[in-house]
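Heads up, the thing below is written out as structure tokens.
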Amino acid sequence: EIIIHVSNFRHFQSGIVRTITLGNHNLIHSRVLNRRSLNFSIASSFLIAAMYNLIIFMRRRQNRASLFFAIFCFSFAAYIGLLLEHLHIQLFPNLNWELHLKILIFTFIYTSSMYLLYLKALFPDHANRKIVNVLWLGTTVIAFIILITKSEVYINIIGILYLILILSILYCCHILVNALKDKKKG
């Protein structure tokens with residue numbers, strides 16, 4: 001019989017985050033290394049894309065789509081490294097749990113928000129400026145609340161953030177579908 005006691009009174013989704021695997025040490029270690037290699041390969045690809053788009057933006061400042069895509073790629077690479085591999089915990093083992101949670105949420109928030117701004121810059125005829133601004137404002141307000149409050153407070157409004165993110169993703173799909181219908185290049 002194995003008994004594991006886990007508690008965290010600050011976050012409703014805390015505790016054991018992955019399935020516990022029992023078995024041969026070498027096999028489990030090999031699986032972990034394979035998963036990490038895949039995640040770091042994906043994160044590295046996003047970092048390369050980010051650097052490439054940042055260079056394009058620096059050479060052509062009027063191309064804001066490249067800037068937004070670069071920030072999206074940086075944010076997504078950070079999200080992969082932070083959430084999937086907890087790299088920041090390995091680098092900074094004494095990192096405050098509250099700060100850890102805020103970093104995770106901010107990379108998640110700004111990944112989707114930057115992609116929305118990227119699509120708006122890429123397909124301005126298909127993105128309604130007012131809708132994009134409302135979604136961006138909602139995300140920014142909630143991000144500010146998260147920044148200035150403790151988890152006991154902002155965890156109660158995280159559902160609103162998820163709703164805004166789902167609406168942002170759906171609106172991104174809407175923009176892409178309309179751009180495909182009109183055979184826009186981008």
Side-chain angles (χ1 to χ4, degrees), residues 8 10-14 17 39 42-43 45-47 49-54 56-58 61-89 92 95-180 184 186:
N8 183 330
R10 295 182 179 194
H11 193 278
F12 68 95
Q13 291 179 327
S14 60
V17 294
N39 289 336
I42 293 168
S45 298
F46 274 96
L47 285 175
M51 294 302 296
Y52 175 76
N53 279 281
L54 195 57
I56 289 174
F57 174 72
M58 292 172 79
R61 300 257 181 196
Q62 72 278 7
N63 186 356
R64 293 178 41 168
S66 293
L67 174 64
F68 293 136
F69 193 70
I71 297 170
F72 162 77
C73 289
F74 274 126
S75 183
F76 196 69
Y79 183 71
I80 290 171
L82 295 175
L83 179 68
L84 298 181
E85 294 307 326
H86 301 290
L87 182 61
H88 61 298
I89 293 173
F92 308 104
L95 185 68
N96 179 314
W97 180 85
E98 187 84 38
L99 183 59
H100 161 79
L101 188 60
K102 287 182 182 190
I103 291 169
L104 286 176
I105 291 171
F106 276 103
T107 56
F108 182 66
I109 289 171
Y110 286 106
T111 297
S112 58
S113 297
M114 282 301 132
Y115 193 71
L116 180 61
L117 292 178
Y118 163 68
L119 289 179
K120 178 186 169 206
L122 196 60
F123 304 116
D125 297 338
H126 295 286
N128 183 315
R129 188 178 200 184
K130 289 179 183 176
I131 293 174
V132 172
N133 288 343
V134 165
L135 292 170
W136 178 254
L137 179 66
T139 302
T140 303
V141 166
I142 291 179
F144 182 73
I145 292 169
I146 290 169
L147 184 66
I148 64 170
T149 62
K150 292 196 172 287
S151 63
E152 293 88 7
V153 175
Y154 68 75
I155 209 67
N156 295 317
I157 62 165
I158 208 80
I160 298 169
L161 174 64
Y162 288 152
L163 177 64
I164 292 170
L165 293 176
I166 288 169
L167 291 173
S168 296
I169 291 167
L170 290 173
Y171 194 63
C172 285
C173 292
H174 173 76
I175 293 169
L176 288 170
V177 166
N178 285 337
L180 282 172
K184 294 282 185 180

Q) If you measure from SG on Cys172 to CG on Leu167, what distance do you get to the nearest 0.5 Å? A) 11.0 Å

Q) Under the criterion side chain to side chain contact (heavy atoms under 4.5 Å, CB included), which of Leu147, Ile158, Leu161 is the partner of Ile142? A) Leu161

Q. Looking at OG of Ser113 and CG of Leu135, how far apart are the two atoms once the value is rounded to the nearest 0.5 Å?
A. 8.5 Å

Q: Indicate yes or no: at least one non-hydrogen side-chain atom of Leu116 is less than 4.5 angstrom from one of Trp136.
A: no

Q | Steps toward side-chain contact (heavy atoms from CB on, under 4.5 Å) verdict (Lys120, Asn133) | A | CA-CA 10 Å; Lys120 178 186 169 206; Asn133 288 343; 4.1 Å; yes

Q) Could you state the interatomic distance from CD1 (Ile166) to OG (Ser112), rounded to the nearest 0.5 Å? A) 10.5 Å

(Q) Can you tell me how far apart CD1 (Ile160) and OG1 (Thr139) are? Round to the nearest 0.5 Å. (A) 12.0 Å

Q: Take Phe106 and Tyr79, measure what side-chain contact (heavy atoms from CB on, under 4.5 Å) needs, and give me the verdict at the end.
A: CA-CA 9 Å; Phe106 276 103; Tyr79 183 71; over 6 Å; no

Q | Ile42 CD1 to Leu47 CG distance, which is reported to the nearest 0.5 Å | A | 12.5 Å

Q.
Rounded at 0.5 Å granularity, tell me how far CG in Asn53 sits from CZ in Phe57.
A. 11.0 Å

**Q.** Nearest heavy-atom neighbours spanning Leu176 and Tyr115
**A.** CD1-OH, 4.0 Å

Q | N/O donor-acceptor pair under 3.5 Å between Lys102 side chain and Ile146 backbone | A | yes

Q) Looking at residues at least two apart in the chain, or sitting in another chain, which of them share a side-chain contact (heavy atoms from CB on, under 4.5 Å) with Leu99? A) Leu95, Asn96, Ile103

Q: Decide side-chain contact (heavy atoms from CB on, under 4.5 Å) for Leu101 and Tyr154; before the verdict, give the C-alpha distance in whole Å, the side-chain angles of both, and the deciding distance to 0.1 Å.
A: CA-CA 11 Å; Leu101 188 60; Tyr154 68 75; 3.2 Å; yes

Anything under 3.5 Å between a donor and an acceptor, one on a side chain of residues 64-78, the other on a protein residue two or more places apart or in another chain? List them.
residue : atom : partner : partner atom : Å
Ser66   : OG   : Asn63   : ND2          : 3.0
Ser75   : OG   : Thr107  : O            : 3.0
Ser75   : OG   : Thr111  : N            : 3.3
Ser75   : OG   : Thr111  : OG1          : 2.8

